[in-house]
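Below is one structure, written out as structure tokens; comments come after it.
Just so it is clear, the structure is predicted and the values come from calculations on it, not from any experiment.
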Amino acid sequence: MNEKFTGFCVGGFFVCFFTFMAFHYAYMKTPSLDRSIASYKTIPHPMYDASWKY
């Protein structure tokens with residue numbers, strides 16, 4: 001009896017976990033509705049000047 005209950009709990013956990021992972025992956029792979037960069041309201045500026053040359 002205890003083995004069946006443990007197996008049921010483990011199976012239920014894996015079903016819930018993989019369902020969560022499927023929705024999470026689908027949400028992360030879906031493009032955003034706007035064209036902004038992450039949550040920036042303005043364009044982020046680099047912390048260094050990459051315009052110099054050797």
Review point. Mind checking whether Y25 and F18 sit in one hydrophobic cluster, side chains of I, L, V, M, F, W, Y counted as touching below 4.5 Å?
Key: no

**Study point:** F17 vs M21 side-chain heavy atoms within contact, under 4.5 Å
**Key:** yes

Check your understanding: How would you list, by chain and number, every residue that makes a side-chain contact (heavy atoms from CB on, under 4.5 Å) with T30, sequence neighbours excluded?
Key -> none

